[in-house]
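Below: one structure, written as structure tokens.
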There are 2 protein chains.
Amino acid sequence: MKEGLPQVSASPTLEDVARAAGVSRATVSRVINGIRNVDPAIQETVRQAIAVTGYVPNQAARSLVTRRTGAIALVVSGAGGDSAENPFPSQVFADPFFGRVAAGTVGFLRPLGIHPVLMFADTAESRTQIVAYLRQGNADGAVLVSTHAEDPLPKLLVDASLPTVLFARPARPIPISYVDVAHRTGAQLAADHLVTRGCRRVATISGPLDVPASQDRLAGFQDAMAVHGHPYIPVAEGNFTVSSGEAAMERLMAEHPDVDGVFAANDLMAQGALLVLRHHGRRVPDDVAMVGFDDSSAALACRPPLTTVRHPVEDMAAEMVRLLLLHIEEPGLAATSRIFQPTLVVRESA
Amino acid sequence: MKEGLPQVSASPTLEDVARAAGVSRATVSRVINGIRNVDPAIQETVRQAIAVTGYVPNQAARSLVTRRTGAIALVVSGAGGDSAENPFPSQVFADPFFGRVAAGTVGFLRPLGIHPVLMFADTAESRTQIVAYLRQGNADGAVLVSTHAEDPLPKLLVDASLPTVLFARPARPIPISYVDVAHRTGAQLAADHLVTRGCRRVATISGPLDVPASQDRLAGFQDAMAVHGHPYIPVAEGNFTVSSGEAAMERLMAEHPDVDGVFAANDLMAQGALLVLRHHGRRVPDDVAMVGFDDSSAALACRPPLTTVRHPVEDMAAEMVRLLLLHIEEPGLAATSRIFQPTLVVRESA
DNA sequence: GTGAAAGCGCTAACAC
DNA sequence: GTGTTAGCGCTTTCAC
């Protein structure tokens, strides 16, 4: 063992650093936390002592006194009743939409040195568990992306006064911040595009009408078409799945066989509709033009590739996290919302 | 305020519960941690006191003394040099493969009440940050899914003696546990299938040959074909991307225009190869049969849908986490590995 | 500008 | 079986 060199202990503490630097714990703490009022010379000494000892602050000890963990939860809330079904929440995490949210979240948080805790809620039990987890102080707050309308989790979190921000406007009005996309504007983009390319008999496949996003996309589409002189638009309701899109398209074709343009409220339903059109010998986009929504990976997988409305998901996720950090910083902050503008991605289907 | 009822404080501590139950902190702690040697009657009293006070243990205080956080890190390690490129790691998280790993991880961890911390490493800086984060005791260990061969992170983690388990065998032998799929067996499945369906002039598109998985898939394919009486198999190396698959297929066709069966070391390259075959007027599977590897979403998006080798990714991820928990429990545990058997998913391309 | 000292809430010896 | 007590490593008044 070399003499004269400070001992490098297995897990050095503030005390060790203080001793090595010949100062008190308090001073080392000040240097680490960037508090001024510390003599520059001593600062330097302390820094060297930190380097020499290989000191790393203990987060638990820190949290205990600051009552902050510096962690946040990224909660994915899927549908689900009171019992667990599939052991693995595969479909949810494999959804590229989730991937984009995760990317936006991590992208924003990483430079700040903070990392999201991934949680999945689909049962009453898991929701309780998540609230408990947050209350234990494992994270300072949560961002929540919910895939279904009547999710009770947002309210649970608000009631527990846990800082929370949602990815979309909640179905019921509760005092909570959220980010969202301008669904109506997106639908209008679709309507304008269909009209511009000459469609005269346009229909739409909506999402489930108890979901705010579906309502907005439908209303936005109807309004925009009305402006273009089409006061009545046939509607078939789906539930955002491929097969519901197929069924909806079948209904539409039965009642309006001459349809020449369709706006589907998401890409998956558009994909289903495309299948049905092909089966009926309709060419896309020549006979029928199709516009989807989301610009999910399904849009590219479709034949022909889908013209679709794209949200800036990563940016939205980043903003969601930024809002959460604000709320954590300032507990009294009133709920706000930030709405992002979608864009139309033109491919071959329309 | 009602009299006689215990005071429900904002954030009750063990002390509050102890007072409400008329016992000591230690006893409450024992009940909470399920330690026997506590009188059943008292246990009940304590439970009620916990319910009445709404007590939730403070994780930071607990971690401080147990030196365990009960958290683990899920690290996604992408390629990347010393500088950040894209602010958002979209492509990585949007990859359905990552989604399946996340699903398997969360599926296993959730019943245990533990949640993974999501981290992304792509630069030297982010790797340092991750090691520091773990050393601060924000998590007890890490599972790591690495997308490139020469990832320095596994070694960094091992050197810091942080419990770690990898999703795939590391390129260089380091003493670390991992789960993996039997690449050779998978390749053999592909070979057998191609031979069975009557292919006589078979070639393969390999992955980058510095990656162990690529080496194994190639070797396994060559060996299996040799057994079937085909000692020489043309090889074109790709790098797991669609365009590299296209280039490889072009090369193969230039040198072996009569090829009638191809095994691509992943689905993306198979997809690229399919494009090239169509462009050259070859029908799949009639003129040329194609088998991929991974059963990624690309396999379904291909025209025709791809016959491919599927790993049990969720199960592998669950096992990876189970191993990590074991290592955390027993720090001295020697590194082990668990190899999973792949299956062949037969679709239309072969 | 710096140090001393008092906890943050919990677990784990160790007594009884 | 239960209570007492001593910290875990850190931040943060409060003196000096």
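From a predicted model like this one, the values you see are computed outputs, not experimental measurements. What's counted below: heavy atoms across the whole structure, side chains too, no hydrogens, waters or symmetry copies. Chain identifiers are assigned alphabetically (A, B, ...) following the order of the sequence lines, protein sequences preceding nucleic acid strands; residue numbering begins at 1 within each chain.
Between the CG atom of A:Leu64 and the P atom of C:dG7 there is a distance of 14 Å, given to the nearest Å. Atom pair B:Arg68:CZ and C:dT11:P shows a separation of 14 Å (rounding to whole Å applied). Separating the CD1 atom of B:Ile35 from the C1' atom of C:dA13 is a distance of 12 Å, rounded to the nearest angstrom. The distance between atom CD of B:Gln59 and atom C1' of C:dT11, rounded to the nearest whole Å, is 12 Å. When rounded to the nearest whole Å, the span between CG of B:Asn58 and P of C:dT11 equals 10 Å. Between B:Asp16 atom CG and C:dC10 atom C1' there is a gap of 13 Å when expressed in whole angstrom units. Here C:dG1 presents its C1' atom at 7 Å from CG of A:Asp39, a figure rounded to the nearest Å. The CZ-P distance, from B:Arg67 to C:dC10, rounds to 18 Å in whole Å.
For the salt bridge (charged side-chain N to carboxylate O under 4.0 Å, His left out) condition, the pairs that include at least one residue of residues 164-175 of chain A, sequence neighbours left out, are A:Glu150-A:Arg172, A:Arg169-A:Asp216. Listed by first then second residue, pairs satisfying salt bridge (charged side-chain N to carboxylate O under 4.0 Å, His left out) with a partner in residues 48-71 of chain A number zero, not counting sequence neighbours. Applying the salt bridge (charged side-chain N to carboxylate O under 4.0 Å, His left out) test to residues at least two apart or on different chains, the pairs with a partner in residues 155-164 of chain B are B:Lys155-B:Asp159.
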Identify every side-chain donor-acceptor pair in residues 326-333 of chain B under 3.5 Å, counting partners at least two apart or on other chains, and give the distances.
unit_1	atom_1	unit_2	atom_2	d
B:His327	ND1	B:Leu323	O	3.1
B:His327	NE2	B:Ser177	OG	3.2

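Partners of B:Gln43 under the side-chain contact (heavy atoms from CB on, under 4.5 Å) rule, at least two apart in sequence or in another chain, are B:Val31, B:Val38, B:Arg47. Not counting sequence neighbours, the partners of B:Ala26 by the side-chain contact (heavy atoms from CB on, under 4.5 Å) test are B:Ser24, B:Arg30. Contacts of A:Ala132 classified as side-chain contact (heavy atoms from CB on, under 4.5 Å), with partners at least two apart in sequence or in another chain: none. Shown here are the side-chain contact (heavy atoms from CB on, under 4.5 Å) partners of B:Asp315, two or more places apart in sequence or in another chain: A:Phe88, B:Pro312, B:Phe340. Partners of B:Tyr55 by ring-ring contact (aromatic ring centres under 6.0 Å, His included), not counting sequence neighbours: none found.
Each end of the helix from C:dG1-D:dC16 to C:dC16-D:dG1 gets its own axis, taken as the rotation carrying the C1' atoms of four end pairs onto the next four within a five-pair window, and the two axes meet at 40° to the nearest 10 degrees.
Residue A:Thr27 places none of its side-chain N or O atoms closer than 4.0 Å to OP1 or OP2 of C:dT2. Using a 4.0 Å cut-off, some side-chain N or O of B:Asn33 falls inside it from OP1 or OP2 of C:dT11.
The two residues A:Val101 and A:Ala317 have their closest heavy-atom pair at O-CB, 3.5 Å. The two residues B:Pro154 and B:Asp151 have their closest heavy-atom pair at CD-O, 3.2 Å.
Annotation: of the two residues near DNA chain D, A:Val56 and B:Val23, the 5′-most nearest-nucleotide partner is B:Val23. Take the nearest nucleotide of DNA chain D for A:Val28 and for B:Ala61: the residue whose nucleotide is more 5' is B:Ala61.
Relative ring orientation between A:Phe98 and B:Phe98 is described as parallel, the plane-to-plane angle staying below 30° on a 0-90° scale split at 30° and 60°.
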Could you go over nucleotides 4-6 of chain C and give all protein N or O partners under 3.5 Å, atom names and distances?
unit_1	atom_1	unit_2	atom_2	d
C:dA6	N6	A:Arg25	NH2	3.3

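Protein chain A contacts DNA chain D over a range whose 5' and 3' limits, counting nucleotides with an atom under 4.0 angstrom from a non-hydrogen atom, are D:dG9 to D:dT13.
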